[in-house]
There are 2 protein chains.
Amino acid sequence: MNTPLSALSPTGTPLYQQVKQALLSALAAGEWKQGEAIPPEKPLAERFGVSIGTLRKAIDDLTAENILVRHQGRGTFVAKHEHNQHFFRFFRIVRQDGEKSYPTTELLRFRRISAGEEAREKLLLAPGSKVFEITNRLSLHGSPVLIDTLTLPEALFSGMTEKLVRERPSTLYRFYQDSFGINVIGTAENARATLADEDHADLLGVPAGTALLELRRVAYSYNQQPVEWRISRVNTEQYEYMGQEHNRS
Amino acid sequence: MNTPLSALSPTGTPLYQQVKQALLSALAAGEWKQGEAIPPEKPLAERFGVSIGTLRKAIDDLTAENILVRHQGRGTFVAKHEHNQHFFRFFRIVRQDGEKSYPTTELLRFRRISAGEEAREKLLLAPGSKVFEITNRLSLHGSPVLIDTLTLPEALFSGMTEKLVRERPSTLYRFYQDSFGINVIGTAENARATLADEDHADLLGVPAGTALLELRRVAYSYNQQPVEWRISRVNTEQYEYMGQEHNRS
DNA sequence: TTACATTTGTTCGTATGTATA
DNA sequence: TTATACATACGAACAAATGTA
């Protein structure tokens with residue numbers, strides 16, 4: 001039996017937040033692993049010396065933060081951050097009728113170069129820093145729809161090779177996580193319209209001068225660390241970029 | 001005294017969600033205006049015939065959605081969506097160096113027409129419904145940058161005239177609020193790339209065939225009620241669309 | 001299929017603490 | 001100081017979902 005929390009931290013912070021911290025500590029200590037169930041509410045409440053309601057409020061917070069997942073009748077589980085769904089959270093190109101599908105990727109080019117000025121600015125790199133530049137073609141429903149040009153700091157992705165990229169068994173962001181320990185947790189994205197140059201027109205199978213949507217994205221890891229700078233050029237004849245909905249109720 | 005909710009809707013959806021909907025209905029009916037306090041928890045709980053805890057859970061949801069704001073010791077207030085900051089929350093065009101500025105607007109056209117198919121779909125209107133169609137030109141730093149085509153259901157904006165639009169002293173969304181009691185609390189936005197037609201080229205002062213960013217937006221009020229359907233065509237030679245940042249922590 | 005035990009979900013009412021006017 | 005209002009905490013009861021015997 002553990003010491004009641006309130007005895008350790010008499011006042012100041014609410015009890016349910018102390019419980020939340022205690023749960024986070026237990027998680028960090030590896031007491032329960034990803035995908036595993038944590039103990040039922042009643043035993044946990046007893047362990048921490050609080051009422052069920054207080055324990056539930058702590059768990060409410062943790063589920064809101066996607067750290068725990070509750071399933072009525074089954075239990076409360078440690079969230080897994082490895083679902084494909086999660087990795088596709090940042091892919092926002094859909095058909096104009098709204099139908100979503102998963103893209104297939106072709107690696108077109110892999111280079112190790114000195115970072116250009118814009119890449120250095122976006123990735124907070126010093127002049128002369130080396131980066132990997134990767135060009136991919138993504139297709140939806142069998143037709144090429146967008147060309148991605150990725151820039152990755154060599155410092156963060158040391159050991160990266162074309163072979164690794166080509167043979168990765170999963171999505172790119174999953175690959176970052178599994179092979180380099182880099183978790184993409186957010187992106188900042190801007191959009192412009194451009195005309196397709198010869199190269200892009202060829203790659204997308206459209207005439208030069210076609211209007212393309214140009215998305216410029218920085219992907220961030222913890223602590224706002226930029227880890228990827230990406231320019232996507234999208235043929236929006238049949239597809240469109242689905243913006244995040246703002247504050248709907 | 002109102003009828004208890006549970007009597008109207010015996011089972012199925014949880015009580016606290018019924019309370020939440022009832023609160024949203026009261027808000028939509030204008031029972032409390034933005035910035036005003038709603039009644040204290042206890043009277044509200046009695047009015048809906050539920051316990052304080054259930055009422056609080058409903059309000060928890062609404063505060064999480066930024067529809068209500070709680071202040072300990074003062075009360076619970078209808079969130080204000082009337083700060084300039086907020087109104088410009090939905091204006092996301094910035095100069096490519098990142099500098100933001102406020103646009104100036106010119107009214108180019110005002111019409112009352114039958115809603116087209118796409119507008120009907122987006123605004124959930126019956127065939128034959130009348131709408132107001134308003135075309136604006138927005139300029140930044142003195143140069144025209146985008147053409148907005150707005151479609152508004154006549155049913156929601158009855159009494160709308162060109163004169164009112166032209167002489168409104170405030171932003172458009174503020175105008176909706178003050179003159180028609182319509183609160184825009186969210187938007188869903190998609191993006192495509194198009195080529196400028198003759199009209200848009202003239203209005204924006206660019207050659208026909210220039211690539212334009214086309215933003216298609218539905219604005220929502222409470223209960224996902226669509227209130228405005230808008231197509232913006234943006235000259236992104238010097239400006240760009242600043243997407244919402246996704247989930248950074 | 002049925003019955004049952006387990007676990008989370010919802011709702012209740014009460015008491016006490018804390019912030020505000 | 002006092003009254004009001006939201007915040008926290010408690011525990012009990014029943015509902016709903018799940019898995020298993």
Side-chain angles (χ1 to χ4, degrees), chain A residues 2-23 27 32 35-80, chain B residues 2-23 26 32 35-80:
Chain A
N2 298 39
T3 314
L5 296 171
S6 48
L8 299 172
S9 209
T11 47
T13 58
L15 192 48
Y16 75 92
Q17 288 189 15
Q18 296 176 40
V19 174
K20 181 180 162 186
Q21 287 307 315
L23 286 168
L27 284 164
W32 314 295
E36 282 183 14
I38 68 173
E41 295 176 344
K42 198 148 168 225
L44 273 183
E46 283 166 7
R47 162 170 165 178
F48 294 127
V50 300
S51 73
I52 289 255
T54 301
L55 177 89
R56 279 185 62 82
K57 191 155 184 182
I59 294 183
D60 281 348
D61 272 21
L62 294 171
T63 55
E65 292 168 24
N66 292 316
I67 293 170
L68 297 177
V69 179
R70 291 208 263 221
H71 294 286
Q72 186 174 357
R74 291 206 286 139
T76 302
F77 299 79
V78 184
K80 297 169 103 169
Chain B
N2 300 41
T3 314
L5 296 171
S6 48
L8 298 172
S9 211
T11 47
T13 59
L15 194 47
Y16 75 92
Q17 289 189 16
Q18 297 176 38
V19 173
K20 180 180 163 188
Q21 287 307 314
L23 287 168
W32 315 294
E36 285 182 12
I38 68 173
E41 294 177 342
K42 199 147 158 226
L44 273 184
E46 284 164 8
R47 160 169 166 179
F48 294 126
V50 301
S51 74
I52 290 249
T54 301
L55 177 89
R56 277 185 64 81
K57 194 159 180 181
I59 294 183
D60 281 348
D61 272 22
L62 293 171
T63 56
E65 292 166 21
N66 293 315
I67 292 170
L68 297 177
V69 179
R70 290 208 265 221
H71 295 286
Q72 186 174 354
R74 291 206 288 139
T76 302
F77 298 79
V78 184
K80 291 176 110 172

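Just so we're on the same page: letters track the sequence lines, and every chain starts at 1. Values reported hereafter were calculated over all heavy atoms of this structure, with side chains retained and with hydrogens, waters and symmetry mates removed.
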*asked:* Does A:Gln21 form a side chain to side chain contact (heavy atoms under 4.5 Å, CB included) with A:Gln17? I'd like the steps, not just the answer.
replied: CA-CA 6 Å; A:Gln21 287 307 315; A:Gln17 288 189 15; 5.8 Å; no
*Do A:Leu44 and A:Leu23 pass the side chain to side chain contact (heavy atoms under 4.5 Å, CB included) test, and can you show the C-alpha distance, the side-chain angles, and the key distance before you say yes or no?*
CA-CA 10 Å; A:Leu44 273 183; A:Leu23 286 168; 4.3 Å; yes
*Are B:Asp61 and B:Tyr16 close enough, and set up right, to give a side chain to side chain contact (heavy atoms under 4.5 Å, CB included), and what steps lead you there?*
CA-CA 9 Å; B:Asp61 272 22; B:Tyr16 75 92; 4.0 Å; yes
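Note: CG (A:Leu15) to P (D:dA9) measures 5 Å, nearest angstrom. One atom, NE2 of A:His71, and another, C1' of D:dG19, lie 14 Å apart when rounded to the nearest Å. For A:Glu41 and C:dG9, the CD to C1' distance is 8 Å, given to the nearest whole Å. Between the CG atom of B:Asp60 and the C1' atom of D:dT8 there is a distance of 12 Å, rounded to whole Å. The nearest whole Å value for the distance from the CG atom in A:Leu44 to the P atom in C:dT6 is 17 Å. The distance from atom CD of A:Glu46 to atom C1' of C:dT7 is 14 Å, rounded to the nearest whole Å. Rounded to a whole Å, the CG atom of B:Leu55 is 13 Å from the P atom of D:dA5. Straight-line distance from the OH atom of A:Tyr16 to the P atom of D:dT8: 4 Å, rounded to whole Å.
Relative to the side chain of B:Val50, the nucleotides C:dT8, C:dT20, C:dC12 differ in distance, and C:dC12 lies closest. Residue B:Arg74 has its side chain nearest to C:dT20 when only C:dT7, C:dT20, D:dC10 are considered.
Listed here is the closest heavy atom pair of A:Trp32 and A:Glu36: CA-OE1, 3.6 Å.
Positionally, the nearest nucleotide of DNA chain D for A:Gln17 lies more toward the 5' end than for the other of A:Gln17 and A:Gly73.
One finds a side-chain N or O of B:Lys57 lying less than 4.0 angstrom from the OP1 or OP2 phosphate oxygen of C:dT10. Between B:Thr54 and C:dT10 there is no side-chain polar atom (N or O) within less than 4.0 angstrom of OP1 or OP2. Proximity of A:Arg56 to the phosphate of C:dG9: a side-chain N or O atom is located under 4.0 Å from OP1 or OP2. At the phosphate of D:dA7, OP1 or OP2 sits under 4.0 Å from a side-chain N or O atom of B:Arg70. Close to D:dC6, at under 4.0 Å from its OP1 or OP2, lies a side-chain N or O of B:Thr76.
Under 3.5 Å, the side chain of A:Gln72 and the base of D:dA16 form at least one donor-acceptor pair of N or O atoms.
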Would you tabulate the side-chain donor-acceptor contacts of residues 48-58 of chain A under 3.5 Å, counting partners in other chains and residues two or more places apart, or write 'none'?
unit_1	atom_1	unit_2	atom_2	d
A:Ser51	OG	A:Gly53	N	3.4
A:Ser51	OG	A:Thr54	N	3.3
A:Ser51	OG	A:Thr54	OG1	3.2
A:Arg56	NH1	A:Glu41	OE1	3.4
A:Arg56	NH1	A:Glu41	OE2	2.7

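Among the atoms of the strands shown, only primed sugar atoms or phosphate atoms (P, OP1, OP2) are found under 4.0 Å from some heavy atom of A:Gly75.
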